[in-house]
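Computed from heavy atoms alone, side chains included, the values below leave out hydrogens, waters and symmetry copies. Whatever order the structure lists ligands and atoms in, that order sets their numbers, starting from 1.
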Amino acid sequence: MNAQQIPPLLEPLRARLTKARDSIRAGSWLPPQWGEVPRVRVGARWINVLWIVPIVFVVLVLGIAVCEGLYATPWFHGFLALYPGIPKSAPAIESGFPLWLRVEHFLNMLFMFFILRSGIQILADHPRLYWNRDCTPETDWFRFLHSVPKDRIWRSKDDGLGHTVRTLEVLVPAEKVWTSKSDSVTIPGWLGIPGIRHTVGPARWWHFSVNELWVLNGIAFYGMLFATDQWHRLVPTTWMVFPNALSMMIQYWSLHFPADHSWTNYNALQQLTYFFTVFIAAPLQIGTGLMQSPAIANKLGWLGVPFNRQRARTVHFFGLLWFVVFILVHGTFVFIVAARPSLNEMWAGVHNNSWEGLWIFAIAVAVLVATWLLATPFTVRSARLIQNIGKIMVGRLKGAAESWSPVIQYRERDISPHFWANGTLPVSTEFRALEKDGFVNYRLRIDGLVEHPRELSYAEIKAMPKQEQITEHFCIQGWSGVAKWGGVPMRHILDIVRPTREARYAVFYSFAEGADGGIYYDVHNLRNMRHSLTILAYEMNGSPLPLIHGAPLRLRCENELGFKMVKWIQAIEFVHDYAQLGAGQGGYNEDHEFYGNRMSI
Ligand SMILES: Nc1nc2c(c(=O)[nH]1)N[C@H]1C(S)=C(S)[C@@H](COP(=O)(O)O)O[C@H]1N2
Ligand SMILES: [Mo]
């Protein structure tokens with residue numbers, strides 16, 4: 001039987017899914033919200049990071065005075081004779097700057113700019129950093145948006161009988177609850193890609209796709225480095241690198257710039273910083289980046305408790321700072337120490353005083369500037385294309401990661417005191433009526449490619465085998481939280497309705513609308529549905545599921561990012577294909593916000 005001929009039994013619901021634009025349009029997107037100058041919390045005080053400017057200035061000037069003084073001492077003369085800046089035993093590189101090295105250096109630069117910008121864009125979707133996994137408001141140590149407004153923090157209240165009050169007094173308008181979307185900020189389009197608020201979808205495709213190219217380039221670089229004598233440039237082979245680096249620091253800081261020997265040797269200070277960048281900072285960024293995903297965080301097992309997502313995110317941010325500072329200082333030094341010879345070496349591969357390097361460098365800069373300027377307008381106009389290219393480049397890997405590891409379960413005491421909320425509550429009169437009666441009249445419709453279509457009442461669902469689990473939630477925007485969920489395993493539902501052989505996906509239809517109109521939905525493959533921790537939850541932290549978190553029923557699919565867990569579920573349809581639903585991307589945020597359908601990374 002041809003699966004496409006089966007009439008969809010949930011036709012009215014399907015009809016309420018909307019098409020979506022292929023570009024980002026200001027009119028139908030979240031309105032802009034500018035953040036503030038980044039601040040760092042010290043105790044109870046928030047300190048503006050711009051203080052760093054005068055502090056660095058004072059440190060630089062004082063450093064010059066101190067190093068000038070040191071430089072003139074007889075002690076330093078003796079020290080300089082012993083440690084001129086390059087260890088005496090350091091082998092000289094004979095191959096200069098070969099073409100492969102120059103090309104990889106350029107590609108690295110090109111990729112790095114995209115990675116940094118898209119990384120900042122992702123950060124702007126939850127403009128706070130924490131050391132704890134819970135992301136409780138006021139516990140952030142860094143932010144570039146005001147504090148979460150106290151009167152808009154959603155707190156579940158206890159009714160005195162040990163039950164969380166099930167409903168909010170009236171359906172809460174979105175403006176009254178500070179959701180994680182409310183928290184996202186606009187950044188300038190020249191800085192982020194594309195700067196527009198809540199464009200984490202396209203930004204992630206950029207970040208991951210270019211990362212893939214960057215990693216490939218890095219692997220080629222490591223390989224060539226060790227296949228030739230070039231590794232001597234970067235890898236110190238004597239402890240003398242440290243006193244020599246100190247010597248270089250005093251020389252530079254006292255404004256005595258010694259002759260540059262880069263053609264055959266980097267000085268000890270260059271060697272240490274380049275070594276750190278290539279062999280420590282870069283792998284650390286890859287590791288801490290991946291550790292923020294459910295697939296890898298769960299793979300870490302209990303190590304994921306001390307090395308939780310927010311710590312990884314914080315360390316990842318320090319890595320970002322390192323790369324930014326490195327690029328600025330490295331670039332500055334090229335120009336103040338030995339501009340022409342350095343450009344000749346790194347861009348033309350020649351060791352002379354010609355102008356050759358400058359021309360090639362100028363062309364490279366033109367390419368970098370052009371791609372920098374085009375990235376944002378191109379992303380705004382062709383967000384769907386970015387999504388499709390991203391899927392080709394990294395989609396398969398993200399999909400494969402769904403089954404990489406079992407999901408970790410936590411202990412009661414790990415439960416987060418605060419759990420962010422996201423999305424907009426259902427507003428239909430139908431839902432209000434159900435909600436008013438405590439969902440006694442609620443029916444979950446399960447239909448489509450199943451042998452036994454069913455309508456299950458709330459009471460029937462609660463009478464089914466119940467499973468409880470304490471798990472970590474990973475929102476694509478960057479926050480996380482641990483909660484205990486109770487509900488019926490999806491496996492049990494599958495046993496009842498028995499999907500046919502043609503069924504490949506389960507579509508979850510919400511009662512709520514998405515931000516851009518049309519009902520919120522998401523599509524999961526059946527393997528996710530058979531996962532031992534996939535449940536239809538009606539309890540949270542031992543109490544009835546609060547309305548804002550998805551009552552009467554919400555999906556928990558623990559190996560995916562949060563947006564895939566549809567709240568306020570009204571129906572489930574089993575289908576063969578999802579191309580004909582909505583805009584065909586496999587979910588509301590996939591259609592409207594350019595997310596991927598399989599997202600365990
Ligand atoms: N119907 C509906 N379900 C939804 C959303 C939504 O906007 N509408 N948001 C998703 C996102 S992005 C996340 S992170 C989780 C948040 O769940 P919580 O509000 O219980 O924290 O719900 C998901 N389910
Ligand atoms: Mo989310």
Side-chain angles (χ1 to χ4, degrees), residues 13 16-18 30 122 125-126 133-137 152-156 164 168 171-172 174 177-184 198-201 204 292-294 309 415-428 431 471-487 507-524 535-541 543-558 560-572 582 587-597 599-600:
L13 282 184
R16 290 187 54 213
L17 304 183
T18 45
L30 274 190
I122 295 169
D125 231 46
H126 190 76
R133 183 181 40 217
D134 310 319
C135 304
T136 309
R152 287 176 65 184
I153 298 179
W154 153 248
R155 287 194 185 81
S156 52
T164 307
L168 304 186
L171 291 174
V172 192
V177 174
W178 191 260
T179 63
S180 83
K181 264 195 197 173
S182 323
D183 215 43
S184 60
H198 192 49
T199 46
V200 64
R204 279 174 54 105
Q292 295 173 57
S293 67
R309 183 190 214 197
I415 292 174
S416 301
H418 176 84
F419 200 93
W420 281 77
N422 216 358
T424 27
L425 288 159
V427 288
S428 66
F431 185 82
T471 51
E472 178 166 3
H473 180 98
F474 297 82
C475 173
I476 193 170
Q477 295 187 253
W479 59 272
S480 50
V482 173
K484 177 157 94 176
W485 305 97
V507 185
F508 291 79
Y509 295 90
S510 178
F511 279 109
E513 300 235 323
D516 196 16
I519 59 178
Y520 194 95
Y521 77 106
D522 202 76
V523 182
H524 285 263
I535 63 174
L536 295 176
Y538 47 79
E539 277 184 12
M540 180 183 188
N541 297 335
S543 303
L545 186 62
L547 188 58
I548 194 128
H549 290 296
L553 276 188
R554 66 97 47 88
L555 181 64
R556 293 300 309 170
C557 182
E558 309 289 358
E560 299 281 358
L561 290 175
F563 74 90
K564 299 215 44 102
M565 303 184 214
V566 176
K567 303 194 286 188
W568 312 290
I569 298 171
Q570 63 167 318
I572 305 173
Y588 193 87
N589 285 348
E590 290 88 329
D591 289 347
H592 293 260
E593 296 182 354
F594 311 103
Y595 293 1
N597 175 256
M599 292 283 253
S600 58

Do you see a donor-acceptor pair shorter than 3.5 Å between the side chains of [X] and [Y]?
| X | Y | result |
| --- | --- | --- |
| Q477 | D183 | no |
| W479 | S180 | yes |
| W154 | H549 | yes |

Discussion item. In terms of relative ring orientation, are Y588 and H592 parallel, tilted or perpendicular, with 30° and 60° separating the classes?
Written reply: parallel
Worksheet entry | Set of residues that line ligand 1, where lining means a heavy atom lies under 4.0 Å from it | F419, W420, A421, N422, G423, H473, C475, W479, S510, Y520, H549, R554, G562, F563, M565, V566, K567, W568
Worksheet item: Does the distance from a Lys or Arg side-chain N to an Asp or Glu carboxylate O, for R16 and E513, drop under 4.0 Å?
Response: yes
Fill in: Shortest non-hydrogen separation from W178 to W420 and the atoms involved
CD1-CZ3, 3.8 Å
